[in-house]
Every structure is written in C-alpha cells, then in structure tokens.
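See below for the structure under consideration.
In this text the structure is predicted, and so the values were computed from the model without any measurement.
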Amino acid sequence: MSQQSVPATPTNFAVWFEYALGGSLALRKTIDILIAGKRKFDAATNHELYVTYVAQAGTDPFGDLPDQLSGLIETAQQFLNTAVTDNRSHLKALGEVSSEAAGTGDPRTIIAKLVDELSKATARAAKLEANFAATSEELDSIRDSLKAAEQRSNTDALTGLANRHSMDEFLRLAQIAAMEKDEPLSVLLIDIDHFKKFNDDYGHQVGDQVLRLVAKVLQEGVREVDLAARYGGEELIAVLPGADLAACTAVAERIRRRIAEAKLTRRATGKEIGSITVSIGVAQFRLAESAEAMIERCDRGLYQAKRLGRNRTVTETELEPEAGAA
C-alpha cells in the first residue's frame, strides 16, 4: 500500500489484505493490471475496488452439498467398507483351505469348502454390484436435479434470459478479461416505454407478453459471446465483451428499431395492441471501475432518452451536464 501511495484507511486495508491473502483471484488480477499500467490508486479507484471485490463478496449458493448427496456418499463408503471386509474374510478362508490342502485332509472336503467359499464370494460380488448400480442411478438423478437447479438459479423464469445473479457474475469476469486483454467492454440498458400502461390497460398477462417479446428481440440481437439478462422489472440489459461504445450503440439501435416495428396481438382476441417502444442507455467500461458505476451511466442515458421523448438510444457521451450533477 505504501509503494502505491494507498492511504491506510479501514476500507483500503480490507482490499489490500484480501489481495495479500490471495483469496480473490479477480481482485488480484485487477490490482496487478492496475500496477502494471502505472494507474494511480486515487480515492475513486480505491472505493470501486472495495465496493466491487470486498463489500459485495457473496456466498456460493451451491457451497453446501444437499443432504441427499451427502447421504449417497456415505452409503457408497459403507459399500466399499463392506467389500473390503468381505474380501479379507474371503482371503482368510482361502488361506485356511490352502493350508488344509497342504496337509493330509480329505480332498473331497477341501473341494467342497473351496466351492462353498467361491459361491459366497460370487453372491457377495453380485450384491455389491447391485448396490452400486442402484447408487449410480440415484447419483444420475441427483446430477440431473442439480443441473436443473443451477439452470433455474441462472435464468429468469418469465423471459428465459439470464437473471441478475448470472449477469453480475458474467460482467465481473468480462471486466477482468477486458483489463487483461486491453479490449473494450460495453453495456446497454433497456427500459420499456409506458410499461405500466400496458399492465393497466390490458392486464398483467399482456404486460408479461410485452416483456417476453422485448426479451426475444434482445436475445436475437446480440452475439453468442454476449449476455442478455433481465436486470429488474421491465429493465433488460446486455453485456457485450469486445464491443466499444460505437459498436454497442449500433446494436442498441438495431434492437430498438426491431422492437418498434414489432406487432403485438392479444392471444385471446387476436386484436392488435399499441406499438411497443424502448429507451436505451449505453456505456463503455473504464479501467478498474465498478460494474455499478458503468451501469449507472447507462441508467442516466436511459432516463435522458425518456426525457427527450422515449424510443431512442442515448450514450454516455451524450449525457447532459445537469444530469451528471443531479
């Protein structure tokens, strides 16, 4: 901290203590990139590092194994312990038969004991195989359930887009990649114009239909490497790695025009509903800034688009001075 002229405040200390521990690979990469780029650790940078990597450090929703999986592992361990014990008993019995065979025992008795012991070993092996087959089926079921749960945890049920949690994680990794590769990263934030009116005039089912339509156009309007997500309410967001402000703005405009040209009809009556328009704000990532700071500029652009009449895209370079002051 002294070498980088970082003030020894509690929050700064928390950031650099975490950096020294190496617990957050993302934080370590970010600080290393800033140091390599001879970036000054001013108050704004220090604050964003704390907010992004320390204050909002969450817990892994899959950190604890489900009880069912823990029980399955315990059962498998019991099977293995039983198999080891049976194998030892089997070897001991065979050793006794071998000793008897070396002596003057009755060959018929020795053969009978040997056949009996082999029969027991076969039965134990068959039982163990059946137990492991049943366990394997249960494990497959658990794996499918966990996969489905993970999918649900990352997807918004209404729109089918990524949810806020999934977007936050994607954006965090995209920020690190942008800094490592010195590549641009941009975000566009969409808000449906007069969305409340759709709900009030036609009901929430139509409002949901509007959301799904906009989500579909957004998903189709971005690349496979991009992420489209539901940000909250009637706001949708797209993260575009490798896209600068101009490229992201072009994508936003194509999406805006497609939505404005779309026709929405009520499923029950087939009657056409009024046109749908959206307002969009666009911003480009700045070195080491927090995700919140970038999205806040998108939000300001979005609301400036609303003030200017809606159905338009406003980039961070077009923000009015008074909007920034507010």
Self-check item: Parallel, tilted or perpendicular, as decided by the 30° and 60° cut-offs, for the rings of Phe198 and Phe195
Solution: tilted
Self-check item: Main-chain N/O of Ala8 paired to Asn12 side chain as donor or acceptor, under 3.5 Å
Solution: no
Self-check item: Rounded distance (nearest 0.5 Å) linking atom CG of Leu49 with atom CG of Leu34
Solution: 6.0 Å
Quiz prompt | Evaluation steps, salt bridge (Lys or Arg N to Asp or Glu O under 4.0 Å), between Asp226 and Arg223 | solution = CA-CA 5 Å; Asp226 303 329; Arg223 305 163 299 176; 2.6 Å; yes
Self-check item: Donor-acceptor contact below 3.5 Å, side chain Thr52 vs main chain Glu48
Solution: yes
Exercise. State whether a side-chain donor-acceptor pair under 3.5 Å links Ser279 with Asp191.
Key: no
Quiz item: Just one of Val239, Asp244, Leu240 clears the side chain to side chain contact (heavy atoms under 4.5 Å, CB included) bar with Leu185, so which one?
Solution: Val239
Self-check item: Pair Arg172 + Asp168, salt bridge at N-O below 4.0 Å
Solution: no
Quiz item: Do Leu173 and Ile295 belong together in a cluster built from hydrophobic side chains that touch within less than 4.5 Å?
Solution: no
Self-check item: Rounded distance (nearest 0.5 Å) linking atom CZ of Arg28 with atom CD1 of Ile33
Solution: 12.5 Å
Self-check item: Residues Arg297 and Glu289 bridged, charged N to O under 4.0 Å
Solution: yes
Quiz item: Does the distance from a Lys or Arg side-chain N to an Asp or Glu carboxylate O, for Lys216 and Glu220, drop under 4.0 Å?
Solution: yes
Quiz prompt | Leu218 and Ile190, any side-chain heavy atoms less than 4.5 Å apart | solution = yes
Exercise. Compare all side-chain heavy atoms of Gln284 with those of Pro184 and state whether any distance is below 4.5 angstrom.
Key: yes
Practice problem: Decide whether Phe13 and Leu21 are clustered together by the hydrophobic rule: side chain heavy atoms of Ile, Leu, Val, Met, Phe, Trp, Tyr closer than 4.5 Å, transitively. | Solution: yes
Quiz item: Is the backbone N or O of Glu320 less than 3.5 Å from a side-chain atom of Gln304, with the two atoms forming a donor-acceptor pair by type?
Solution: yes
Quiz item: Side chains of Leu236 and Tyr231: does their closest heavy-atom pair fall under 4.5 Å?
Solution: no
Quiz item: Tell me, do Leu264 and Val210 make a side-chain contact under 4.5 Å, heavy atoms counted?
Solution: yes
Exercise. For side-chain contact (heavy atoms from CB on, under 4.5 Å), just list the numbers for His47 and Thr11, CA-CA rounded to whole Å, side-chain angles, deciding distance to a tenth of an Å, and then say yes or no.
Key: CA-CA 8 Å; His47 174 71; Thr11 55; over 6 Å; no
Quiz item: Shared ILVMFWY cluster between Val225 and Met167, side chains joined below 4.5 angstrom?
Solution: no
Practice problem: Go through the steps for Asn311 and Asp193 under the test side-chain contact (heavy atoms from CB on, under 4.5 Å), then give the verdict. | Solution: CA-CA 7 Å; Asn311 190 24; Asp193 296 330; 4.2 Å; yes
Quiz item: With distance as the sole test, does Arg300 use its side chain to make a donor-acceptor pair with the main-chain N or O of Glu296 at under 3.5 Å?
Solution: no
Practice problem: May I ask you to decide whether Lys29 forms a salt bridge with Asp32, counting only side-chain N to carboxylate O separations under 4.0 Å? | Solution: no
Quiz item: For the residue pair Ile255 and Gly221, what are the closest heavy atoms and their distance?
Solution: CG1-CA, 4.2 Å
Quiz item: Say you draw a straight line from CG of Leu302 to CZ of Arg310; how long is it, rounded to the nearest 0.5 Å?
Solution: 10.0 Å
Quiz item: Is it the case that more than 12 heavy atoms not belonging to Gln205 sit under 6.0 Å from its CD atom?
Solution: no
Quiz item: Just how far is it from atom CZ of Arg164 to atom CG of Leu171, taken to the nearest 0.5 Å?
Solution: 10.0 Å
Quiz prompt | Same apolar cluster (I L V M F W Y, side chains within < 4.5 Å links), Phe17/Met1 | solution = yes
Quiz item: If we only count heavy atoms from C-beta on, is the Tyr303 to Val314 side-chain gap below 4.5 Å?
Solution: no
Practice problem: Mind running side-chain contact (heavy atoms from CB on, under 4.5 Å) on Val15 and Tyr53 for me, showing each step along the way? | Solution: CA-CA 8 Å; Val15 169; Tyr53 298 106; over 6 Å; no
Practice problem: Check whether the side chains of Thr313 and Glu253 place a donor and an acceptor atom closer than 3.5 Å, and report yes or no. | Solution: yes
Quiz item: Do Glu316 and Arg286 sit within salt-bridge range, that is, some charged N less than 4.0 Å from a carboxylate O?
Solution: yes
Quiz prompt | Verdict with supporting geometry, Thr315 and Glu318, side chain to side chain donor-acceptor pair (under 3.5 Å) | solution = CA-CA 5 Å; Thr315 72; Glu318 302 171 279; 3.2 Å; yes
Practice problem: Using a 4.5 Å cut-off on heavy atoms from C-beta on, say whether the side chain of Val187 contacts that of Val282. | Solution: no
Quiz item: Looking only at atom types and distance, does a side-chain atom of Thr159 sit under 3.5 Å from a main-chain N or O of Leu161, one as donor and one as acceptor?
Solution: yes
Self-check item: Within-4.5 Å side-chain heavy-atom neighbours: Val251 and Leu188
Solution: yes
Quiz prompt | From CG (Asp299) to CD (Glu292), nearest 0.5 Å | solution = 12.5 Å
Quiz item: Using a distance-only test with no angle check, is there a side-chain donor-acceptor pair under 3.5 angstrom linking Arg230 and Asn163?
Solution: no
Quiz item: So, for Trp16 and Tyr50, is the gap between ring centers shorter than 6.0 Å?
Solution: no
Quiz prompt | side chain to side chain donor-acceptor pair (under 3.5 Å) partners of Arg39, counting only residues at least two apart | solution = none
Self-check item: Point-to-point distance, once rounded to the nearest 0.5 Å, from CG of Asn199 to CG of Leu211
Solution: 8.0 Å
Quiz item: Counting only heavy atoms not in Asp182, do more than 12 fall under 6.0 Å of its CG?
Solution: no
Quiz item: Just wondering, do Asp208 and Leu158 contact through their side chains at under 4.5 Å, heavy atoms?
Solution: yes
Quiz item: Between Ile259 and Thr277, does a side-chain contact (heavy atoms from CB on, under 4.5 Å) hold up when you go through it step by step?
Solution: CA-CA 6 Å; Ile259 292 172; Thr277 63; 6.0 Å; no
Quiz item: Does Ser186 reach the main-chain N or O of Ala243 with its side chain, forming a donor-acceptor pair under 3.5 Å?
Solution: yes
